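Take a look at the structure set out below.
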Amino acid sequence: MTDFEISILGGTGGPFENSTQCFIIRSTHNDESVRLICVDGGVGLGSIAAMLRLDPNKRIVESLYENEEEPVEKYVDSTVLSQTTRGFSLAVTRHLEGSIVQQTMKLYQNIGEYYITHPHMDHVAGMIMNSPAIYEPLVPSRKYIKGLPFTIGPLKDFIFNDIIWPQLSNKLLGRLDLVTLSSRESHNSLSIPEWNIIPFEVYHGSKVSDLSSQVSSSVYIITNTRTNNSIVVCGDLEKDHEDPNEPRLLCQLWSYLANNIPLKNLKAIVIECSNSLSIDERRLFGHLSSNKLLDELQTLRDKYGSSSGLRDLKIIVSHVKMTYSEKDPRLTILDELRTLAHEIPGLESLIFSIAVQGYTFTV
Ligand SMILES: [Zn+2]
Ligand SMILES: [Zn+2]
């Protein structure tokens, strides 16, 4: 049984601005009304419009490296392919009519909440620029932007401040609310009330101007309270430094998962792997590389302590940075992850795929 539909509006970490991180997530249990949430908002309306125009029968991915297009099989594990659609699912598109712009705005109307992992541009730019469409007279909507204090504070102070962008969150307008969440405190989604959502603060490197000052990001654990199935959707993150007095933040996240979510209910982890093995470790800048991601998955394996390891767990890799290289870095990273995991006990059967823009994964 499937629970979650994850549409990849944007699945890279830049620097190209048209594919930065944004996922639209829907419950597969409510086909009647289309209620959607977003995790991050790097891109938005432009990507929805592009996705609505895709031919679902053409199973290709825009690559722009060795070839302009590549077959999707190169990016998505063969066991996941049958549960993967190019474009949105029929459940989302069958309610839409009119021109592409009308369909796009209608779909946008159905997004009730944005769960933002951190306020970096590649995670919020689309959401900000799209926000005037909340007030579109024929398809108005009510939206909530949610996040931990280090996300919501800066969005209020530095973005929706009538200088960088109009203060569309002003109470007099009454259609956009910025909501501050607390780390590790669960709440139910307003759009999809059967979903319980827990934000977790994680480490995202240090400030350029002050190396002793931490940059934070978030991971969201989304659980369907009826089926108890969960997905984990991560923002940018890096392994934080060992502190003798307190387990590192990522370690606490893996412990939480192992203690609270049986492995059979963990349907997928969407996690960043910005860089390939070739990256100089001093240049990670708050991100993971293939070997660092596998280190974390080994910690998760240890926390679960299951004799069969992380058997058949789906890992959807996002936020790959588009680098100046011959080969598509997403393919390089996928290859590294699969090859290395094959040699690590308990990680051999992990199912790795890339969060390819324009595709919808059902898990
Ligand atoms: Zn990012
Ligand atoms: Zn970031």
Side-chain angles (χ1 to χ4, degrees), residues 6-25 38-44 46-47 114-130 145-155 157-159 164 181 183 199-220 232-241 248-250 253 269-276 279-290 292-293 296 315-324 328-330 333 354-357:
I6 309 166
S7 296
I8 316 294
L9 284 196
T12 77
F16 286 60
E17 80 286 0
N18 62 344
S19 60
T20 51
Q21 182 157 307
C22 177
F23 311 123
I24 287 186
I25 311 182
C38 272
V39 173
D40 281 337
V43 291
S47 288
Y114 282 92
Y115 286 87
I116 302 297
T117 62
H118 65 300
H120 278 166
M121 291 286 281
D122 57 322
H123 298 257
V124 298
M127 174 195 75
I128 296 162
M129 294 234 267
N130 295 165
I145 300 173
K146 298 183 171 180
L148 291 174
F150 56 80
T151 298
I152 298 303
L155 284 176
D157 295 343
F158 307 128
I159 301 290
I164 297 289
L181 305 174
S183 187
F200 242 88
E201 181 176 353
V202 288
Y203 177 75
H204 182 23
S206 48
K207 290 184 179 170
V208 176
S209 57
D210 175 8
L211 294 178
S212 65
S213 191
Q214 171 173 330
V215 176
S216 291
S217 174
S218 321
V219 168
Y220 289 104
V232 175
V233 187
C234 304
D236 302 357
L237 51 87
E238 186 182 1
K239 174 182 181 168
D240 38 328
H241 309 297
R248 55 195 185 86
L249 289 167
L250 258 184
L253 169 71
I269 298 180
V270 184
I271 188 164
E272 78 130 282
C273 187
S274 298
N275 308 288
S276 80
I279 187 91
D280 175 346
E281 277 188 22
R282 289 164 302 179
R283 293 182 56 81
L284 282 171
F285 301 127
H287 296 286
L288 295 177
S289 54
S290 323
K292 299 284 175 194
L293 171 53
E296 295 306 325
I315 307 291
I316 302 175
V317 175
S318 73
H319 208 271
V320 173
K321 285 192 189 292
M322 307 308 275
T323 50
Y324 184 89
D328 187 334
R330 295 173 295 180
I333 286 171
I354 296 288
V356 270
Q357 187 178 28

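Atoms within a ligand are numbered from 1 in the order they appear, just like the ligands themselves. Predicted model, so just to flag it, every value in this text is computed and none were measured. We count residues from 1, following the sequence as given.
Of the residues Ser19, Ser274, Ser318, the one that meets the side-chain hydrogen bond (donor to acceptor under 3.5 Å, both in side chains) test with Thr12 is Ser19. Of the residues listed (Ser218, Ser217, Ser216), the one engaging Glu201 in a side-chain hydrogen bond (donor to acceptor under 3.5 Å, both in side chains) is Ser216, and it is the only one. If you run side chain to side chain contact (heavy atoms under 4.5 Å, CB included) between Pro199 and each of Thr151, Leu148, Val219, only Leu148 comes through.
The nearest N/O/S atom of His120 to the Zn ion (ligand 2) is ND1. Its N, O or S atom nearest to the Zn ion (ligand 1) is what matters here, and for Asp122 that atom is OD2.
When distances to the Zn ion (ligand 1) are checked against a cut-off of 2.8 Å, His123 contributes an N, O or S atom below that limit. Taking backbone and side-chain atoms together, Asp236 has an N/O/S atom less than 2.8 Å away from the Zn ion (ligand 2). At least one N/O/S atom of His204, whether from backbone or side chain, sits less than 2.8 Å from the Zn ion (ligand 2). Metal site remark for the Zn ion (ligand 2): His118 contributes an N, O or S atom at a distance under 2.8 Å.
The aromatic rings of His319 and His287 sit parallel, their planes meeting at an angle under 30°, below the 60° perpendicular limit.
There is a side-chain donor-acceptor pair under 3.5 Å between His123 and Asp236.
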